[in-house]
Q: 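Quick one: the structure is below, questions incoming.
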Amino acid sequence: MIVDNAIYVDGRRSESPDSLEQAHEACRARDGFAWIGLYEPSEEEFEAVAGEFDLHELAVEDAVTAHQRPKIERYGDSVFVVLKSARYRDETETVEFGEIHAFVGPDFIITVRHGKASELHEVRERLESEPDLLRRGPSAVLYAIMDQVVDDYAPVSDGLETDIDEIEAEVFGGNAAVSRRIYALSREVIGFRRATHPLNEVLERLIEGEVYDVDSELQRYLRDVQDHALRTTEQVEAFRELLSNILSVNLTLVGLNQNDEVKKISAWAAILFAPTLIAGIYGMNFEVMPELSWTFGYPFALALMVLTTVVLHRIFKKAGWL
């Protein structure tokens, strides 16, 4: 579905065409560029866009199916960029991912969004309030989108860091059920890494001008975005290492707790075994047993059971098994 369709001339929004054909003709006639925004289009819906702007079929296929890693590819005089967006949901304490696909040509930029974690309305409003930046063309829009995506990573990093701190407290607080949460958080960190790590290469190729010509001023802006992206990548790597250490500590603590339980069970088994042994011997009722005809035989057997139980309990208590 087409969310917005606008023509920009000299850094300002000039019109909103009713059709793709009008948009393409207007941007050429008025020496401007078109920015067409789509949200989760079907294959049939995207065919008209691809046909009008002559988009490469491989890039179109990626844009429709989504589930791509961040990348940048050149097709003729245009480039295809994939970005992974993310946002942290406080109510569920999870990370929600989305995708932004951008087709950037000399006089157009087409953005395709997948997922709710990739809204571009604020980016468009920001650019429309900065005509000097928007005047630089489709590459300025691409920069603004990448800048927004990377800025949105910061709250995600903060949310994951808070979750890790909570998990640390639970681990050392003796919560044995925290293992499931550690694994779930590890998966989210891995997913976040898949979104952030390849982005550094995309930015590097843009800055170096390998796949697309970006003017020197935008290159400076992109370097700032790259710095933020690298900082996020370093945080993600630290999260992975920290979670790995937390998991190791948790497994060690669980093992120690199980050891203590085994000791307790073994100690009580030994304590109960002694009176059982005594009762078993005296319950055989052999004829040649002096104690059977002894007046104090029964109290003696009971006293012996109690004595062995008390002695064994003190021994295990002193050893720290109980």
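For the single chain, residues carry numbers from 1 onward in sequence order.
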Q: Side chains of Tyr88 and Asp158: does their closest heavy-atom pair fall under 4.5 Å?
A: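 Counting from C-beta outward, Tyr88 and Asp158 never come under 4.5 Å.
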Q: When you compare the side chain of Ile100 with that of Met146, does any pair of heavy atoms fall below 4.5 Å?
A: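 Heavy-atom side-chain distance check fails, nothing below 4.5 Å.
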Q: Please find the pair of heavy atoms, one from Ala86 and one from Val95, that lie closest to each other, and give the distance.
A: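 Closest pair (atom of Ala86, atom of Val95, distance): CB-CG1, 4.1 Å.
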Q: The test is side chain to side chain contact (heavy atoms under 4.5 Å, CB included); show your working for Trp35 and Ile7 and say whether it passes.
A: CA-CA 6 Å; Trp35 180 1; Ile7 302 299; over 6 Å; no
Q: By salt bridge (Lys or Arg N to Asp or Glu O under 4.0 Å), which residues pair with Glu73, not counting sequence neighbours?
A: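 Glu73: salt bridge (Lys or Arg N to Asp or Glu O under 4.0 Å) contacts with Lys71.
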Q: Output yes when a side-chain donor or acceptor of Ser244 lies under 3.5 Å from a complementary backbone atom of Arg240, and no otherwise.
A: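 Checked: no pair found.
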Q: Step by step, would you call Ile164 with Ile246 a side chain to side chain contact (heavy atoms under 4.5 Å, CB included)?
A: CA-CA 9 Å; Ile164 292 174; Ile246 290 174; 3.7 Å; yes
Q: Just verifying a value: how many Å separate Arg113 CZ and Tyr39 OH, rounded to the nearest 0.5 Å?
A: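 That separation rounds to 6.5 Å.
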Q: Are the side chain of Thr232 and the backbone N or O of Tyr153 linked by a donor-acceptor pair below 3.5 Å?
A: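 Not at all, since once roles are kept as given, no pair shorter than 3.5 Å links the two residues.
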Q: How about Gln219: does its CD atom have over 12 heavy atoms from other parts shown lying under 6.0 Å from it?
A: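 Yes.
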Q: Verify the cluster assignment for Ile182 and Ile190: are they in a single hydrophobic cluster under the rule of side-chain heavy atoms below 4.5 Å apart?
A: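 Looking at the clustering, Ile190 is in a separate group from Ile182.
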Q: Counting only heavy atoms not in Arg194, do more than 12 fall under 6.0 Å of its CZ?
A: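 Open.
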Q: Given the rule in the side chain to side chain contact (heavy atoms under 4.5 Å, CB included) test, do His121 and Asp4 qualify, once you have shown the distances and angles that lead to the verdict?
A: CA-CA 9 Å; His121 181 68; Asp4 202 348; 6.0 Å; no
Q: Centre-to-centre under 6.0 Å for His114 and His67, is that the case here?
A: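 Not under 6.0 Å, so no.
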Q: Taking all non-hydrogen atoms of both residues, which atom of Gly32 and which atom of Asp107 are closest, and how far apart?
A: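 Taking Gly32 first and Asp107 second, the nearest heavy atoms are O-CB, 3.7 Å.
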Q: So how far is it from Ser78 OG to Ile110 CD1, rounded to the nearest 0.5 Å?
A: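 So the OG of Ser78 and the CD1 of Ile110 are separated by 9.0 Å.
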Q: Taking the ring centre of each residue, are Phe108 and Phe33 less than 6.0 Å apart?
A: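 Between Phe33 and Phe108, which both carry aromatic rings, the centre distance is not below 6.0 Å.
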Q: Establish, yes or no, whether a centroid distance under 6.0 Å links the rings of Phe103 and Tyr75.
A: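 Phe103 vs Tyr75: aromatic centres not under 6.0 Å.
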Q: Would you list the atom pairs, donor with acceptor, under 3.5 Å between side chains in residues 134-141 and any protein atom, with sequence neighbours excluded?
A:
unit_1: Arg135; atom_1: NE; unit_2: Asp10; atom_2: OD1; d: 2.8
unit_1: Arg135; atom_1: NH1; unit_2: Asp132; atom_2: OD1; d: 2.8

Q: Between Phe80 and His56 (judged by ring centroids, cut-off 6.0 Å), do the two rings come close enough to count as a pair?
A: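 So the answer is no for these two rings.
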Q: Considering non-hydrogen atoms only, spot the tightest contact between Pro155 and Asp151 and give its length.
A: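 The answer is CD-O, 3.4 Å.
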Q: Hydrogens and angles aside, do Asn200 and Thr233 bring a side-chain donor and acceptor to less than 3.5 Å of each other?
A: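 Per modelled atom types, Asn200 and Thr233 side chains form a pair under 3.5 Å.
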Q: When you measure from the side chain of Arg124 to the backbone N and O of Arg126, does any donor-acceptor pair fall under 3.5 Å?
A: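 Absent.
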Q: Check Ser85 against Val149 and note the closest heavy-atom contact, atom names and distance.
A: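 Minimum heavy-atom separation between Ser85 and Val149: CA-CG1, 4.2 Å.
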Q: A quick test of your reading: do over 12 heavy atoms of other residues, nucleotides or ligands sit less than 6.0 Å from CD of Glu122?
A: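 It does not: Glu122 CD has 12 such atoms or fewer within range.
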Q: Leu133, Val9: one ILVMFWY side-chain cluster at the under-4.5 Å cut-off?
A: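 Result: no, two separate clusters.
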Q: How far apart are the C-alpha atoms of Val189 and Val236, what are their side-chain angles, what is the distance that settles it, and do they pass the side chain to side chain contact (heavy atoms under 4.5 Å, CB included) test?
A: CA-CA 7 Å; Val189 169; Val236 173; 4.1 Å; yes
Q: If you apply the rule salt bridge (Lys or Arg N to Asp or Glu O under 4.0 Å), what do you find for Glu188 with Arg193, and how did you get there?
A: CA-CA 9 Å; Glu188 290 186 351; Arg193 183 182 184 277; over 6 Å; no
Q: Tell me whether Ile167 shares a hydrophobic cluster with Val249, the cluster being built from Ile, Leu, Val, Met, Phe, Trp, Tyr side chains joined at under 4.5 Å.
A: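 Same cluster: Ile167 reaches Val249 through Ile, Leu, Val, Met, Phe, Trp or Tyr contacts under 4.5 Å.
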Q: Roughly how far apart are Arg181 CZ and Glu170 CD, rounded to 0.5 Å?
A: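 The distance works out to 5.0 Å.
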Q: Grouping I, L, V, M, F, W and Y whenever their side-chain heavy atoms are under 4.5 Å apart, do Phe239 and Leu247 come out in a common cluster?
A: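 Yes, because Phe239 and Leu247 connect within a single hydrophobic cluster, where side-chain heavy atoms sit under 4.5 Å apart.
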Q: Ignoring hydrogens and geometry beyond distance, is a side-chain donor-acceptor pair present between Glu204 and Gln226 at under 3.5 Å?
A: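 Judged by distance alone, the side chains do pair up.
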Q: Ser157 and Phe192: which non-hydrogen atoms are nearest, and at how many Å?
A: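 Heavy-atom minimum between the residues: OG-CE2, 3.6 Å.
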Q: Is it the case that over 12 heavy atoms from other parts of the model lie below 6.0 angstrom from the CD atom of Glu43?
A: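 At most 12 heavy atoms, drawn from other residues, nucleotides or ligands, come within 6.0 Å of this atom.
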Q: From Glu161 CD over to Leu242 CG, what is the distance, rounded to the nearest 0.5 angstrom?
A: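 Atom-to-atom, Glu161:CD and Leu242:CG are 9.0 Å apart.
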Q: Consider only side-chain heavy atoms of I, L, V, M, F, W and Y, link residues closer than 4.5 Å, and tell whether Leu203 and Tyr143 are in one cluster.
A: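 Yes, Leu203 and Tyr143 fall within the same hydrophobic cluster.
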Q: Could you list the donor-acceptor pairs under 3.5 angstrom formed by side chains in residues 205-216, with sequence neighbours left out?
A:
unit_1: Arg205; atom_1: NH1; unit_2: Ile72; atom_2: O; d: 3.2
unit_1: Asp215; atom_1: OD1; unit_2: Glu217; atom_2: N; d: 3.1
unit_1: Asp215; atom_1: OD1; unit_2: Leu218; atom_2: N; d: 2.8

Q: To the nearest 0.5 Å, tell me how far Glu99 CD sits from Thr65 OG1.
A: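 Here the interatomic distance stands at 8.5 Å.
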Q: List the steps, then state whether side-chain hydrogen bond (donor to acceptor under 3.5 Å, both in side chains) holds for Asp152 with Gln148.
A: CA-CA 6 Å; Asp152 288 343; Gln148 183 64 48; 2.9 Å; yes
Q: Ion pair present between Arg12 and Glu128, side-chain N to carboxylate O less than 4.0 angstrom?
A: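 Here Arg12 does not pair with Glu128 in a salt bridge, since their nearest N and O are not under 4.0 Å apart.
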Q: How far apart are the closest heavy atoms of Pro41 and Val64, and which atoms are they?
A: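 Answer, listing the atom of Pro41 first, then Val64: O-CG1, 4.3 Å.
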Q: Verify the neighbour count for atom CZ of Arg74: are there more than 12 heavy atoms of other residues, nucleotides or ligands below 6.0 Å?
A: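 Above 12, so yes.
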Q: What is the distance from atom CD of Gln68 to atom CG of Leu83, rounded to the nearest 0.5 Å?
A: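 With rounding to 0.5 Å, CD (Gln68) is 12.5 Å from CG (Leu83).
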Q: Are Thr111 and Leu120 side-chain neighbours, meaning at least one heavy-atom pair lies under 4.5 Å?
A: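 With C-beta onward as the side chain, the pair touches.
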